[in-house]
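Take a look at the structure below.
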Amino acid sequence: MSHPSISPRSQQREAQRVNLATVFTDALLALIKLVVGSLTFSNALIADGIHSLADLLTDIIVMGATHFGRRAPDHDHPYGHGRIETMASLWLGVVLSVVAGAIIWESVQQLWLGESAHYASIWAVAATIVALVAKEALFHWTMRIAKRQQSPLLEASAWHSRSDSLSSLIVLVGLVGTWFGLFWLDSVAALLVALLVAKIGFDTLWQAGRELIDTGLPEDQLAELRACANNIPDLKGLHDLRARRIGGDISLDVHLQVESDISVTEAHEIGMAFTARLRQQRDCLRDITFHIDYENDAAEEWGVTTRLMPLRSEITALLDHCWKELPCWREHIHLGLQYRRLPGEPTRRIDLDIYLPEETPATPSDTLRTLAGSPSWLGDIRLWHANDQTQ
């Protein structure tokens with residue numbers, strides 16, 4: 001799923017604008033609710049004002065998390081600061097759950113004890129309507145930005161604003177209900193909406209918890225990423241594709257399979273072409289690590305290979321010892337190694353490509369194999385002269 005690319009700096013400025021608007025709105029609404037509630041003796045409106053004051057603390061936490069969570073990686077945080085947003089989402093989930101629990105407890109008590117409310121003032125109703133409209137508008141604005149930036153923290157903040165508008169709706173229903181003698185309506189409406197707020201809080205906690213334990217992306221999103229390999233003709237395949245969310249970003253690890261006889265630089269360029277295509281597909285990919293394979297080793301046990309093969313230093317030490325008297329080895333220009341797996345066999349071999357000056361005499365490969373002791377890992381031995389004639 002692609003969308004227009006937005007720079008991290010632009011995203012941060014956009015997120016901070018909506019956070020500042022949220023802080024200003026909550027501060028203003030808290031003041032209005034407390035003043036009007038005190039003048040009209042509306043306990044519900046005063047309680048809602050205290051609720052808005054509590055929201056200010058949450059807003060400040062969101063602002064801090066958005067600012068610090070989108071800072072570039074540093075020495076102490078090489079993977080970035082996205083987990084700060086995750087922790088803030090966790091806090092928001094807790095706040096929503098606590099608010100819902102408090103509303104449920106108060107509503108059940110009022111229903112059980114049969115407590116009655118006072119008749120509402122028109123000023124209390126007007127203040128509640130203003131709060132409801134303002135928080136609902138803030139919800140839609142914040143949610144639109146959260147979806148565009150794919151930010152769980154901003155999405156949680158948006159739902160928090162929605163819970164505030166629903167809280168104002170509770171107060172409004174209760175205030176209007178008193179005009180018709182339906183004093184119990186306030187408690188019933190509060191109970192129903194509190195259950196919705198509790199669900200929002202649980203979903204926020206669930207998503208933040210899944211991110212903290214590095215839950216992978218859904219399979220349909222992984223399929224979209226795998227499909228990018230089809231557009232790279234020199235890429236034979238990929239496996240062990242793993243992705244996780246870190247705040248609003250995605251970190252990805254993948255094994256890329258290429259031909260066994262290409263150079264390291266060519267294989268790396270294929271990997272860079274694949275990652276560039278991935279970033280075109282999902283611009284929220286911030287950290288992509290790819291491992292180059294010449295074979296599909298996905299079936300091997302993680303962290304364990306079938307048999308460890310000797311490296312260049314070990315091979316040259318053996319050949320220095322066994323072939324030290326041979327001109328083709330003393331005068332060789334370059335030694336090429338090709339690690340490969342034989343078709344249909346679990347074992348691997350190492351082919352040797354020995355490059356010689358044009359005038360250097362060659363030694364038959366069978367002789368070279370015998371002098372080397374025919375180690376189990378030794379595959380084909382090919383000698384190349386400067387005039388490109390094989391021996």
Side-chain angles (χ1 to χ4, degrees), residues 226 229 232-242 253-275 288-391:
R226 291 192 189 96
I232 310 297
D234 297 306
L235 185 60
K236 293 179 61 178
L238 59 86
H239 55 273
D240 290 343
L241 175 64
R242 299 180 296 171
D253 303 282
V254 61
H255 287 221
L256 304 179
Q257 187 178 353
V258 299
E259 295 290 347
S260 61
D261 57 350
I262 66 175
S263 66
V264 173
T265 55
E266 183 180 356
H268 182 265
E269 194 64 26
I270 294 173
M272 294 302 293
F274 176 71
T275 57
I288 302 176
T289 303
F290 61 84
H291 171 80
I292 296 295
D293 282 337
Y294 67 92
E295 60 183 351
N296 190 337
D297 58 358
E300 294 185 358
E301 183 180 355
W302 183 83
V304 179
T305 57
T306 53
R307 180 164 61 91
L308 292 177
M309 305 296 287
L311 302 179
R312 177 177 290 271
S313 59
E314 301 172 78
I315 295 172
T316 53
L318 172 65
L319 299 183
D320 283 338
H321 175 73
C322 299
W323 295 351
K324 59 184 177 181
E325 303 298 333
L326 300 177
C328 67
W329 181 248
R330 292 200 312 267
E331 302 176 14
H332 80 279
I333 301 172
H334 176 68
L335 173 64
L337 306 179
Q338 292 290 336
Y339 292 75
R340 64 183 177 88
R341 189 186 298 274
L342 298 176
E345 296 186 15
T347 57
R348 294 190 292 170
R349 297 287 188 267
I350 304 176
D351 293 341
L352 307 183
D353 289 299
I354 305 173
Y355 295 86
L356 309 173
E358 184 175 353
E359 67 279 1
T360 302
T363 302
S365 59
D366 289 342
T367 302
L368 294 174
R369 183 184 301 275
T370 300
L371 292 175
S374 299
S376 60
W377 49 262
L378 185 58
D380 296 334
I381 303 177
R382 297 181 290 265
L383 280 76
W384 303 80
H385 279 101
N387 60 3
D388 294 331
Q389 293 181 352
T390 59
Q391 301 294 328

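Remark: S313 pairs with no residue by the side-chain hydrogen bond (donor to acceptor under 3.5 Å, both in side chains) rule, at least two apart or across chains. For S374, the side chain to side chain contact (heavy atoms under 4.5 Å, CB included) partners are R369, not counting sequence neighbours.
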Anything under 3.5 Å between a donor and an acceptor, one on a side chain of residues 325-332, the other on a protein residue two or more places apart or in another chain? List them.
residue: W329; atom: NE1; partner: D320; partner atom: OD1; Å: 2.7
residue: R330; atom: NH1; partner: E325; partner atom: O; Å: 2.7
residue: E331; atom: OE1; partner: T360; partner atom: OG1; Å: 2.8
residue: H332; atom: ND1; partner: W329; partner atom: O; Å: 2.5

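Here the side chains of W377 and I315 are in contact, with some heavy-atom distance below 4.5 Å. Side-chain contact between R312 and L335 is present, with heavy atoms from C-beta onward closer than 4.5 Å. The side-chain heavy atoms of I292 and H268, taken from C-beta on, include no pair separated by under 4.5 Å. Proximity of L378 to L352: side-chain heavy atoms (C-beta onward) are separated by under 4.5 Å at one or more points. Within the 4.5 Å cutoff, the side chain of Y339 has heavy atoms near those of the L311 side chain. With a 4.5 Å cut-off on side-chain heavy atoms, I262 and I270 count as touching.
The two residues L241 and R226 come nearest to each other via the heavy atoms CD2-CG, 3.5 Å. Considering every non-hydrogen atom in both A372 and L319, the closest pair reads CB-CD2, 4.4 Å. Here the closest heavy-atom approach between residue L383 and residue A362 is recorded as CD2-CB, 3.9 Å. Residues E358 and H385 share a closest heavy-atom pair of O-CD2, 3.4 Å. Considering all non-hydrogen atoms of both residues, P375 and L318 come closest at CG-CD2, 4.4 Å.
In summary, the side chains of H291 and D240 do not present any donor paired with an acceptor at a separation below 3.5 Å, with no hydrogens or angles considered.
In this structure, the side chain of R382 does not engage the main chain of D351 through any donor-acceptor pair within 3.5 Å. No donor-acceptor pair under 3.5 Å is formed between the side chain of W323 and the backbone N or O of L371.
For the atom pair E259 CD and L235 CG, the distance stands at 10.5 Å (nearest 0.5 Å). Note: L256 CG to K236 NZ = 13.0 Å, rounded to the nearest 0.5 Å. Taken from OG1 in T289 to NE2 in H255, the straight-line distance is 10.0 Å, to the nearest 0.5 Å. Considering CD1 of I232 and CZ of F274, their distance stands at 7.5 Å, rounded to 0.5 Å.
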